[in-house]
Colleague: 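The following block contains the structure, expressed as structure tokens.
As the structure is a computational prediction, the values presented were derived from the model and not from experiment. Each chain gets a letter, A, B and so on, in the order its sequence line appears, and its residues count up from 1.
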Amino acid sequence: MNYVLGLINLHEDNRLIKEITRKRPIATIPFAGRYRLIDFILSSMVNSGIISVGIMLPDKAASILDHLRSGKDWDLARRHEGLFYLLPSNDDDDIRQSELKTFYQNLNIMRRSPQEYILLSGAHTVFNIDFNNVLRFHQNTNADITMLYYRPGRKLHSPCTVIKTKENGLVSDIANCPAAGEDADVSMGTYLMSRKVFLEIVEHSYERGGSDFLLDGIMRMTAHYNIYGCCYDGYVSCINSLYGYYQTSMDLLNPQIWNELFIDNAPIYTRTKDDVPAQYKSRANVHNSLISNGCTIEGLVENSILFRDVRIEKGVKIKNSIIMQGCQLHKNSCLENVICDKNVTISAEKYLKGAESYPLIVEKNTVI
Amino acid sequence: MNYVLGLINLHEDNRLIKEITRKRPIATIPFAGRYRLIDFILSSMVNSGIISVGIMLPDKAASILDHLRSGKDWDLARRHEGLFYLLPSNDDDDIRQSELKTFYQNLNIMRRSPQEYILLSGAHTVFNIDFNNVLRFHQNTNADITMLYYRPGRKLHSPCTVIKTKENGLVSDIANCPAAGEDADVSMGTYLMSRKVFLEIVEHSYERGGSDFLLDGIMRMTAHYNIYGCCYDGYVSCINSLYGYYQTSMDLLNPQIWNELFIDNAPIYTRTKDDVPAQYKSRANVHNSLISNGCTIEGLVENSILFRDVRIEKGVKIKNSIIMQGCQLHKNSCLENVICDKNVTISAEKYLKGAESYPLIVEKNTVI
Amino acid sequence: MKTECLAMILAGGQGSRLGVLTKRVAKPAVHFGGKYRIIDFPLSNCSNSGIETVGVLTQYKPLELHTYLGTGEAWNLDRKNGGVYILPPYAREKEADWYKGTADAIYQNINFIETYDPDYVLILSGDHIYTMDYSWMLEEHKMNKAEATISVIKVSHKEASRFGIMTTDRNGRITAFEEKPKNPQSTLASMGIYIFNWRLLKRYLEEDYADCLSEHDFGKNIIPKMLADHVRLFSYSFDGYWKDVGTIESLWEANMDLLKETPSFDLGGSWRIYSSHNPLPPHFIGANAKITNSLVSGGAVIDGSIKNSVIFPGVHIGKKARIVNSVIMPYSIIHAGAVVEKAIVAENCEIMNDCHIFSDNGSITVIAEGETITSIGSDNKQVG
Amino acid sequence: MKTECLAMILAGGQGSRLGVLTKRVAKPAVHFGGKYRIIDFPLSNCSNSGIETVGVLTQYKPLELHTYLGTGEAWNLDRKNGGVYILPPYAREKEADWYKGTADAIYQNINFIETYDPDYVLILSGDHIYTMDYSWMLEEHKMNKAEATISVIKVSHKEASRFGIMTTDRNGRITAFEEKPKNPQSTLASMGIYIFNWRLLKRYLEEDYADCLSEHDFGKNIIPKMLADHVRLFSYSFDGYWKDVGTIESLWEANMDLLKETPSFDLGGSWRIYSSHNPLPPHFIGANAKITNSLVSGGAVIDGSIKNSVIFPGVHIGKKARIVNSVIMPYSIIHAGAVVEKAIVAENCEIMNDCHIFSDNGSITVIAEGETITSIGSDNKQVG
């Protein structure tokens with residue numbers, strides 16, 4: 001797979017989960033106890049043998065640079081190839097700043113790259129996928145563009161791209177919908193194409209005033225290209241709403257999904273932190289939960305996810321909650337259907353409760 | 001020296017050498033055949049034992065990220081510490097964007113850092129310095145702030161900061177001048193202070209409306225702190241004009257300066273490129289010049305600097321010129337007092353000549 | 001490539017007192033503390049102390065240690081100059097000379113050390129669990145103008161005869177040294193951590209090499225010789241947690257030391273212990289699990305009950321299985337209904353349904369790497 | 001850690017034919033081509049071919065090679081899984097078994113190879129200069145459904161008796177193999193580059209190990225045995241530059257091959273040869289220097305005249321010194337007025353003022369590492 005260049009586009013619409021993306025892009029939302037969302041696409045690329053990955057940086061790039069750093073943790077700190085960043089170049093007028101414009105400004109990098117194919121993706125999708133299968137599909141169908149899609153099997157309440165395919169896999173329709181029905185085929189926002197097709201689409205559509213790769217590029221050029229849909233039937237969740245984030249997190253408490261994402265397939269890499277093993281004290285009482293290294297537990301935890309370095313004191317009760325890195329829950333506090341962002345402190349005896357369909361969010365660094 | 005945190009501020013005024021900084025910040029101006037200006041401060045820090053360096057990114061960050069990448073070439077790709085980036089956080093209003101504001105927005109990183117001292121510098125200074133001596137000076141004088149200065153020994157035509165010191169080294173005056181006389185003590189823009197003092201200055205001066213660390217910070221707080229000047233008597237050149245760039249480059253053809261910068265002291269690191277040795281063909285005729293790996297020479301080169309992968313064909317004559325990476329000089333072309341930016345092509349038989357005090361600049365990628 | 005101080009870790013012992021745990025791996029590669037290996041401790045101490053050139057002297061079964069250390073990245077030791085090097089016995093013209101003792105191991109690597117032209121050499125042992133900032137010790141070494149400094153810890157009078165015991169004057173200068181004395185004159189025990197001025201040590205190593213009566217051991221030969229020569233030998237007092245884990249009993253105890261309500265050794269804190277391991281997700285605790293006074297690591301799946309135990313990454317504990325006072329090393333599977341009491345279960349073992357691992361006489365049961373235990377009862381144990 | 005194909009570089013030879021050049025370093029560490037060492041070629045070929053797990057089998061003087069390779073960063077081989085490993089003879093219970101032959105060297109590292117569970121193993125030699133994309137060879141190996149593939153190059157009929165010579169059928173399947181035949185049947189010479197299906201090779205290595213009459217050599221034992229057993233052996237034709245640099249003469253010639261107006265071997269181009277070296281500035285050419293038909297590397301200072309020569313990093317050529325048809329290795333200093341003709345001057349030498357290095361009979365003069373030549377004339381030479 002070192003003939004495939006990975007491109008991760010972080011210009012993603014993050015207004016839909018604004019409570020946890022006020023200071024970070026979707027790509028660095030903490031997830032599953034120790035990961036950031038970008039870990040899933042990045043690890044899938046690396047595990048598929050891709051050794052050259054370009055990251056198209058968004059506005060709030062600090063948390064991205066801080067998370068990825070040298071790329072070492074994904075084995076992408078390489079003398080040649082490896083991780084690199086695409087930035088909008090600011091020396092021209094600032095009008096028409098867009099995803100397509102950034103691609104257009106960086107076309108030379110793509111032109112010079114030795115890879116034959118480009119795998120383009122966002123970073124808001126949770127999956128663990130071997131792209132070698134997608135490449136094989138792409139080559140076998142002789143597709144110009146292969147779009148990955150999945151069947152959520154449940155109604156999606158947030159905006160998504162729904163596609164229709166003919167029997168042979170050819171895409172016959174692409175639509176941007178506010179929501180999708182239970183039986184819809186939903187695009188994962190991941191595309192495989194030759195570098196040549198990618199360059200053509202970017203040049204053609206940007207030079208004609210386009211701004212969005214899907215809307216102004218692919219969707220207007222369906223007549224030009226053979227676009228195939230490739231269905232992925234493993235676990236997929238595209239996170240673009242707060243409820244989606246909560247629901248996907250709770251999915252992980254299903255051992256089958258936990259195993260599929262983390263154990264049975266290639267590993268998901270993330271920035272390593274050298275935490276100590278989780279410590280269970282004599283009053284610990286934990287059921288049906290995911291617990292990360294560095295936690296110290298003296299209370300009750302049920303149906304919950306604890307990130308690294310969370311401290312649960314005596315008498316605490318936590319149910320159906322997500323507690324991010326560095327939170328401190330003092331004696332006898334009680335949380336139900338709550339998402340605590342990083343470094344939240346809940347004082348002794350406090351009681352917080354959200355609804356199952358509308359979890360309560362406690363912002364980063366808050367002391368309650 | 002791992003109790004010193006290096007901070008390199010790339011918010012530098014690059015209007016004065018606009019011809020070669022249109023698409024790059026001063027920090028990544030190519031220099032001395034294979035380096036970028038930032039290599040000198042970065043290597044000096046690393047060679048002094050500093051293992052944690054924060055880079056305050058400027059607007060045109062692409063070339064910085066591309067040059068530094070993982071930091072491996074400076075041995076700064078580390079699991080902890082190592083190279084990290086400071087970015088302005090864009091989530092607030094965009095008013096008052098400034099150097100001090102970026103420091104202020106990133107104060108938490110500095111607060112959490114385990115290092116006791118901060119060494120703050122720009123990236124436009126050519127030197128090869130052991131900061132251990134500066135630290136010793138700082139500790140011995142009990143200074144709150146140590147400012148490095150040098151005696152250029154020649155008149156400087158571009159803006160600089162001139163300081164006056166008492167006999168014991170205490171700084172008695174700091175002034176920003178349009179130019180400096182031959183005997184002036186000129187600041188190198190490099191400051192050593194305790195983290196505590198740095199945090200105080202940034203907080204105090206930003207919260208009172210300041211924007212510039214020197215003008216609004218240090219210069220207004222001279223009464224508060226013991227500021228000492230530490231004179232560095234090795235080779236120094238601060239590059240902030242086109243003529244200064246040309247003059248400093250020509251300085252390197254003095255073997256004494258070449259030796260001092262590159263051979264006698266610790267090495268200057270840069271991004272390594274795996275070029276082949278320079279090839280001299282049967283008609284090559286080279287005198288008093290610096291020649292980089294990857295060059296192929298069939299013509300005459302005198303008093304010049306050739307960067308990597310320059311091709312000099314038969315009959316070509318080059319004098320007093322700087323030819324950057326990837327330039328091609330075709331047959332019988334002739335250049336005198338010229339600076340060719342990267343990837344310039346000079347067609348056969350062309351003749352270009354600038355003045356010694358006003359070299360002609362050929363912009364990147366131009367074909368003449 | 002001048003380096004002020006480099007470290008040499010003596011990791012060469014065959015570790016036979018650790019029995020089946022060292023059948024396939026060298027002693028320093030033995031697992032400890034829920035996610036570490038023994039060698040993580042000296043390596044992390046070096047890295048955190050700013051010592052970035054480390055030689056690991058290994059003699060037996062270096063392969064697993066070799067692949068474990070890799071480039072040294074996990075310990076921040078993948079440096080351009082320096083970093084971590086595995087040093088097996090040096091190949092001579094005709095045959096390899098095995099390391100004949102701790103001093104000989106250093107002697108045979110003089111060329112390696114000289115590459116870095118160090119002022120000081122720090123000699124460490126590969127089988128101790130502790131955290132220590134060597135840069136403080138080096139600071140004291142310099143302040144004392146010492147030629148050699150030995151780190152010491154107070155032990156009980158009873159234990160003293162198991163160690164090398166120092167007597168010091170009021171300035172900390174060592175006046176006498178006895179290796180495993182019957183009637184110890186003091187309770188200051190050598191921790192096997194030495195700083196030497198390299199020029200001096202080199203001379204002593206060369207002399208020692210030529211001495212055919214010598215056992216080529218630091219404690220038995222080099223240190224006594226230096227004392228006799230009135231070399232400036234100083235002690236450096238250490239009062240934290242320090243444990244030799246060279247036996248099954250002490251390895252088990254050191255693991256148990258991590259579990260008390262306030263553990264005698266706390267792995268947390270700002271002194272990070274680095275470790276290289278497979279990327280694994282947070283561990284999964286099932287609906288009927290019950291875990292108290294234990295350490296559990298990533299990727300584990302716990303459906304049974306665990307008490308006073310250390311559970312390594314990737315371990316599976318089945319439903320109604322019960323683990324008490326035990327150490328379960330990576331990727332071992334304890335099936336439903338099995339009971340493990342006061343045991344060390346090495347890597348990749350499988351304890352089948354309803355098996356019972358325990359020992360009649362209260363000793364520690366050890367299950368060797370890769371074993372599958374199928375019969376029910378205590379007969380299947382292998383005492384280390 | 002599944003790896004499709006890993007490479008093993010046989011770098012163990014004592015290199016005695018290279019004389020004083022290998023007195024202090026292993027043959028693969030010998031300098032070549034103005035800034036490289038011999039081992040840079042197979043390592044770069046591996047890296048560029050996407051083979052990122054490489055074992056370097058070394059027996060003699062591994063220290064310099066060890067510090068030269070470091071983490072493998074220079075060749076992009078500082079990988080999390082895989083990367084470059086130096087493999088000295090494996091330590092057994094009592095003593096080290098020296099590698100008895102090329103096949104034995106691989107046999108002794110079966111455990112290492114199995115760690116990566118490869119489908120294919122690529123066997124390379126550590127003393128050849130060439131660039132080659134092994135992934136094409138692997139592709140052809142798979143397409144042929146071969147069990148072993150040997151890379152071959154056409155040589156002249158005269159040279160053929162120095163090589164292992166193949167006869168192939170029209171599909172490229174090898175029908176006969178002769179090691180250094182007196183009357184060669186063909187001119188297809190083995191380049192010492194093999195791809196084997198690992199399962200098959202492992203079986204043959206085990207059988208070969210048990211055979212006490214075997215010399216444990218690929219060319220002499222393994223390949224003939226496979227042929228006799230009708231294993232699917234194919235040839236892979238290579239027609240680029242390829243040179244064995246195992247002797248002083250061939251090493252000198254290979255250096256000279258880089259210098260012609262259109263060199264027979266071009267180091268440039270898109271196939272990068274990686275190399276690890278000190279960071280040095282562009283070289284400095286003085287006012288009276290004269291350089292033609294030569295290669296010059298970073299950090300050199302040239303004040304004299306150079307013709308048809310290869311100048312390594314950090315070399316100093318003094319005023320009025322004259323270098324002709326020679327190879328001057330890193331950091332050597334040729335003082336003013338000295339003359340060097342048809343010589344290889346190893347690292348860190350010093351040729352004092354007005355000395356004259358040449359040989360009366362047209363042979364190549366070799367100056368060993370670190371030598372200082374003070375007397376004037378040709379007597380001081382050391383022929384390799």
Colleague: State plainly whether the residues B:Lys319 and B:Glu356 are in salt-bridge range, i.e. N to O under 4.0 Å.
Modeller: no
Colleague: Any side-chain donor paired with an acceptor under 3.5 Å for B:Glu81 and B:Ser52?
Modeller: yes
Colleague: Out of B:Asn285, B:Leu253, B:Leu252, return the one with the most heavy atom pairs under 4.5 angstrom to chain D.
Modeller: B:Leu253
Colleague: Can you tell which part of B:Ile305 gets under 4.5 Å to a heavy atom of chain D, answering side chain, backbone, both or neither?
Modeller: neither
Colleague: How are the rings of B:His67 and B:Trp74 set relative to one another: parallel (under 30°), tilted (30 to 60°) or perpendicular (over 60°)?
Modeller: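 Taking B:Trp74 first and then B:His67, their aromatic rings stand perpendicular (interplane angle over 60°).
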Colleague: Is B:Arg69 salt-bridged to B:Asp66, going by a charged N under 4.0 Å from an acidic O?
Modeller: no
Colleague: Pick one: which of B:Cys334, B:Ser333, B:Cys327 meets side-chain contact (heavy atoms from CB on, under 4.5 Å) with B:Ile346?
Modeller: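 Checked B:Cys334, B:Ser333, B:Cys327 against B:Ile346; only one passes side-chain contact (heavy atoms from CB on, under 4.5 Å): B:Ser333.
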Colleague: Below 4.5 Å from any heavy atom of chain B, which atoms of D:Lys307 appear? Answer side chain, backbone, both or neither.
Modeller: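 For D:Lys307, there is no contact with chain B at all, as no heavy atom is under 4.5 Å.
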Colleague: Which answer fits B:Ala278, side chain, backbone, both or neither, if we ask what part of it has an atom under 4.5 Å from a heavy atom of chain D?
Modeller: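 Both backbone and side chain.
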Colleague: Taking every non-hydrogen pair under 4.5 Å, which of D:Gly34, D:Ser275, D:Ser44, D:Ser294 racks up the most with chain B?
Modeller: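 Option with the top pair count is D:Ser294.
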Colleague: Side-chain donor-acceptor pair under 3.5 Å between D:Asn48 and D:Tyr274, yes or no?
Modeller: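 Yes, a side-chain donor-acceptor pair sits under 3.5 Å.
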Colleague: Is B:Glu298 close to chain D through its backbone or its side chain, or both, or neither, when contacts mean heavy atoms under 4.5 Å?
Modeller: side chain
Colleague: Side-chain polar contacts of residues 290-297 of chain B - donor-acceptor pairs under 3.5 angstrom, sequence neighbours left out - could you list them?
Modeller:
unit_1   : atom_1 : unit_2   : atom_2 : d
B:Ser292 : OG     : B:Gly33  : O      : 3.0
B:Ser292 : OG     : B:Leu306 : O      : 2.8

Colleague: Would you say the side-chain atoms of D:Ser309 pair up with the backbone N or O of D:Ile306, donor to acceptor, closer than 3.5 Å?
Modeller: no
Colleague: May I ask you to check whether B:Tyr150 and B:Phe127 place their ring centres under 6.0 Å from each other?
Modeller: no
Colleague: Salt bridge check, D:Asp78 against B:Lys72: does any charged N sit closer than 4.0 Å to a carboxylate O?
Modeller: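 Yes, charged N to carboxylate O under 4.0 Å.
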Colleague: I'd like to know if B:Arg34 and B:Asp39 make a salt bridge, using a cut-off of under 4.0 Å between side-chain N and carboxylate O.
Modeller: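 No, B:Arg34 and B:Asp39 are not salt-bridged.
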Colleague: Using 30° and 60° as the class limits, which term best fits the ring planes of D:Tyr68 and D:Trp75: parallel, tilted or perpendicular?
Modeller: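 The rings of D:Tyr68 and D:Trp75 stand perpendicular, inter-plane angle above 60°.
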Colleague: Looking only at heavy atoms and a cut-off of under 4.5 Å, which of D:Ile311, D:Leu267, D:Ile291 has the most pairs with chain B?
Modeller: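 Highest number of pairs under 4.5 Å: D:Ile291.
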Colleague: With a 4.5 Å cut-off on heavy-atom pairs, point out which of D:Ala74, D:Pro263, D:Gly33, D:Gly286 contacts chain B the most.
Modeller: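 Winner by heavy-atom pair count: D:Gly286.
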Colleague: Of the non-hydrogen atoms in D:Lys27 and D:Asp127, which two are nearest, and what is the gap between them?
Modeller: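 The answer is NZ-OD2, 2.7 Å.
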Colleague: Assess the residue pair B:Tyr235 and B:Asp251 against the criterion (side-chain hydrogen bond (donor to acceptor under 3.5 Å, both in side chains)); give the C-alpha distance rounded to whole Å, side-chain angles, the decisive distance to 0.1 Å, and a yes or no.
Modeller: CA-CA 10 Å; B:Tyr235 180 82; B:Asp251 279 353; 2.5 Å; yes
Colleague: Taking 4.5 Å as the heavy-atom cut-off, does anything in residues 295-304 of chain D contact chain B, and if so which residues?
Modeller: D:Leu295, D:Val296, D:Ser297, D:Gly298, D:Gly299, D:Ala300, D:Val301
Colleague: Between D:Lys35 and chain B, with a heavy-atom cut-off of 4.5 Å, which part of the residue counts as in contact: side chain, backbone, both or neither?
Modeller: both
Colleague: Can you list every ring pair (Phe, Tyr, Trp, His ring centres under 6.0 Å) pair that touches residues 312-331 of chain D, not counting sequence neighbours?
Modeller: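 Of all non-adjacent pairs touching residues 312-331 of chain D, those that pass ring pair (Phe, Tyr, Trp, His ring centres under 6.0 Å) are D:His31-D:Phe312.
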Colleague: Taking non-hydrogen atoms and a cut-off under 4.5 angstrom, which of residues 259-270 of chain B neighbour chain D?
Modeller: B:Phe262, B:Ile263, B:Pro267, B:Ile268, B:Tyr269
Colleague: With a 4.5 angstrom heavy-atom cut-off, is it the side chain or the backbone of D:Pro313 that approaches chain B, or both, or neither?
Modeller: neither
Colleague: Give, as side chain, backbone, both or neither, the part of B:Tyr35 having an atom under 4.5 angstrom from any heavy atom of chain D.
Modeller: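 Side chain only.
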